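Input: a single structure, listed below in structure tokens.
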Amino acid sequence: MYGTVKDELAATLKEIEDAGLYKRERELTTPQAAHVATAGGSSLNFCANNYLGFADHPDVVAASRNALDEWGFGMASVRFICGTQTQHTLLEQRLSQFLGMEATILFGSCFDANGGVFEVLFGAEDAIVSDELNHASIIDGIRLSKAARFRYKNADMGDLRAQLEAARAGGARRVCVVTDGVFSMDGSYAPLDQICDLADEFQAMVLVDDSHAVGFVGEGGRGTPELFGVMDRVDIITGTLGKALGGASGGYVTSHQEVVDLLRQRARPYLFSNSVAPAVVAGSLAALDLVSGSSEACETLRANSALFRELMTDAGFELLPGSHPITPVMFPGEDGARQAAEVADHMLAAGVYVVAFSFPVVPRGRARIRVQLSAAHSEADVRECVDAFVAARAAVG
């Protein structure tokens, strides 16, 4: 009976294509790095989450390679059956120590972590107050719980107060404010100090997804809670091993001991998914060693981000304000989506790999090219990227 379904799916795909929203994947023929190769040739890569350049760092690669010999290829099991190795426990302990929390639990991804945490901790008698720009994994995770849902305008503390008042007026037992530490399409920070103040006032918990911050944001790379001085006031942090900490896969929840213990008993993505692969665990431990042992990569990343912003501003491009390595180059207006896509295509042809984003990923009229700086980029790389933007703008018009 697939015949009718096939026609329906084909029609849906055509609608996506006609709307200019079809996503095509470009294959890399090299390891992930600041310099990559695709079928079209060599490119400078400015669109990966490889913030610290650890995806191909020799120490991380060596640790991962050695783990294949010492720990094997895969666990072939979930954690509570026979899927826990000594190094899994060690990585959880190291993450707890690094982030200043009591306990940590590993998941297959941060999407899984966010998919497991809400259903376990919040029921029909509770309320979750979520920033409107939170990541899709947070939105999906909240949907899995039976908690009442309240949404506040992005980083708007007046609206957050109003939603907290509404949650308390509804008689909620537990209330939790949920936010990304860094909003990935804007590169902006959640004002965690103000959020924690309001949470204290309304006796609410605070959960932060810090995927785009851990490893390089804050003086010691401990993320947005460190940046805003609230490491002792955030109750739950979810995060990923797939960005700054090696860029492979895996996620985690780090929190109070009781929270983590209950997640081990009831979080479905944890109970029913294979353990994080041994080579990934070992590589992530090596990445943590690099972050803890030296600030050089973080300093290089900050310098690259500042240089890019300075040069692009001098060249007359519109950037969203900020300091995060995520740097949106804006193409506003009705024709912005076309312009952004054509500029990105022109740049790739010239050997600089960036990606354009438009509606529905971002609001209408707010199309952009999201540039992501890395510590692996040299100053010459950054300048070449800016030169490519200038040339593409001239070519596209």
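Just the heavy atoms: all of them, side chains too, but no hydrogens, waters or symmetry mates, feed the values below. Predicted, not measured: the structure shown is a model, and the values here were computed from it.
Looking at F107, F80, Y252 one by one, the single match for ring pair (Phe, Tyr, Trp, His ring centres under 6.0 Å) with Y270 turns out to be F107. If you run side-chain contact (heavy atoms from CB on, under 4.5 Å) between V60 and each of D289, L245, L290, only L290 comes through.
Ring pair F317/F389: centre-to-centre distance below 6.0 Å. For an aromatic pair to be called close, the ring centres must be under 6.0 Å apart, and H212 with F183 fails this.
Atom CZ of R268 has 12 or fewer heavy atoms from other residues, nucleotides or ligands within 6.0 Å. Around CD of E201, the count of heavy atoms belonging to other residues, nucleotides or ligands within 6.0 Å exceeds 12. Atom CZ of R168 has more than 12 neighbouring heavy atoms from other residues, nucleotides or ligands inside a 6.0 Å radius. Residue E219 places its CD atom among 12 or fewer non-hydrogen atoms of other residues, nucleotides or ligands, all under 6.0 Å distant.
Between H324 and Y189, the ring planes are perpendicular. Angles over 60° get that label, and only those under 30° would be called parallel.
Side chains of D261 and Q265: no donor on one and acceptor on the other come within 3.5 Å. Counted by atom type alone, Q372 and N50 present zero donor-acceptor pairs between their side chains at under 3.5 Å.
One distance of note links CZ of R94 with OG of S284; it measures 11.0 Å at 0.5 Å rounding. To the nearest 0.5 Å, the span separating NZ on K243 from OG on S211 amounts to 5.0 Å. If you take NE2 on H135 and CE on M185, they are separated by 8.0 Å, rounding to the nearest 0.5 Å. Going from atom CG of D180 over to atom CG of N134 covers 4.5 Å, rounded to the nearest 0.5 Å. Rounded to the nearest 0.5 Å, atoms CG (D209) and OG1 (T238) are 3.5 Å apart. We find the NE2-CZ distance between H377 and F46 to be 4.0 Å, quoted to the nearest 0.5 Å.
No salt bridge links E70 with R65; every basic N to acidic carboxylate O contact stays at or beyond 4.0 Å. Ion pairing of R368 with D186 is present here, as a side-chain N (NZ or NE/NH1/NH2) and a carboxylate O approach within less than 4.0 Å. One finds no salt bridge joining R383 and D387 here, because no Lys/Arg side-chain nitrogen approaches an Asp/Glu carboxylate oxygen to under 4.0 Å. Using a 4.0 Å cut-off between charged nitrogen and carboxylate oxygen, R79 and E92 count as a salt-bridge pair. Classification of K146 and D126 as a salt-bridged pair fails, no side-chain N sitting under 4.0 Å from a carboxylate O. By the 4.0 Å N-to-carboxylate-O rule, R233 lies close enough to D197 to be salt-bridged with it. Ion pair R174/D235 not flagged as a salt bridge, since none of the NZ, NE, NH1 or NH2 atoms sits closer than 4.0 Å to an Asp/Glu carboxylate oxygen.
V208 and M231 fall into different hydrophobic clusters, defined by Ile, Leu, Val, Met, Phe, Trp and Tyr side-chain heavy atoms under 4.5 Å apart, directly or through other members. Cluster membership for I237 and I142, using ILVMFWY side-chain heavy atoms within less than 4.5 angstrom, is not shared. By the rule that hydrophobic residues join a cluster once side-chain heavy atoms approach within less than 4.5 Å of another member, F308 and Y51 end up as members of one cluster. Follow the hydrophobic side-chain contacts under 4.5 Å out from V234 and you never reach F122; the two are in separate clusters. Cluster annotation: M312 and I326 are assigned to the same hydrophobic cluster (Ile/Leu/Val/Met/Phe/Trp/Tyr, side-chain heavy-atom contacts under 4.5 Å, transitive).
Not a single donor-acceptor pair under 3.5 Å links the side chain of T254 to the backbone N or O of T104. Not one N or O on the side chain of R370 forms a donor-acceptor pair closer than 3.5 Å with the backbone of V355. Counting only distance, with no hydrogens or angles, the side chain of N154 and the backbone of E132 share no donor-acceptor pair below 3.5 Å. At least one donor-acceptor pair under 3.5 Å links the side chain of S64 to the backbone N or O of A279. The backbone N or O of C298 sits nowhere less than 3.5 Å from a side-chain atom of S295 that would complete a donor-acceptor pair. Under the 3.5 Å distance criterion, the side-chain polar atoms of R222 are left unmatched by any main-chain donor or acceptor of V214. A donor-acceptor pair is defined here as one N or O able to donate and one able to accept, closer than 3.5 Å; such a pair exists between the side chain of T240 and the backbone of G242. Judged by distance alone, the side chain of D345 and the main-chain N or O of E342 form no donor-acceptor pair under 3.5 Å.
Minimum interatomic distance between I369 and A344 (heavy atoms only, all atoms of both residues): CD1-N, 3.9 Å. Residues R173 and G123 approach most closely at NH2-N, 4.5 Å, considering heavy atoms. Across every non-hydrogen atom of L52 and G215, the tightest pair is CD1-O, 3.4 Å. Closest heavy-atom contact between P269 and G116: CD-CA, 3.7 Å. Nearest heavy atoms, I138 versus S130: CG2-OG, 4.3 Å. The two residues A127 and F150 come nearest to each other via the heavy atoms CB-CE1, 3.8 Å.
Counting only heavy atoms from C-beta outward, the side chains of T313 and L319 approach each other to under 4.5 Å. Counting heavy atoms from C-beta on, the side chains of E318 and P332 come closer than 4.5 Å. Taking the side chain as every heavy atom from C-beta outward, T179 and I195 approach each other to under 4.5 Å. Contact check for P225 versus D210: side-chain heavy atoms found under the 4.5 Å cut-off. Inter-residue side-chain proximity for L301 and L373 is flagged as met; some heavy-atom pair is nearer than 4.5 Å. Within the 4.5 Å cutoff, no side-chain heavy atoms of V396 are placed close to those of F331. The side-chain heavy atoms of H346 and R393, taken from C-beta on, include no pair separated by under 4.5 Å.
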Query raised in the report: Given the rule in the side chain to side chain contact (heavy atoms under 4.5 Å, CB included) test, do Q163 and V175 qualify, once you have shown the distances and angles that lead to the verdict?
Result: CA-CA 11 Å; Q163 301 308 318; V175 177; over 6 Å; no

Query raised in the report: Step by step, would you call D381 with S378 a side chain to side chain donor-acceptor pair (under 3.5 Å)?
Result: CA-CA 5 Å; D381 292 339; S378 67; 3.2 Å; yes

Report task. I would like to know whether V259 and L121 meet side chain to side chain contact (heavy atoms under 4.5 Å, CB included); could you show each step before the answer? Result -> CA-CA 8 Å; V259 169; L121 298 178; 3.9 Å; yes

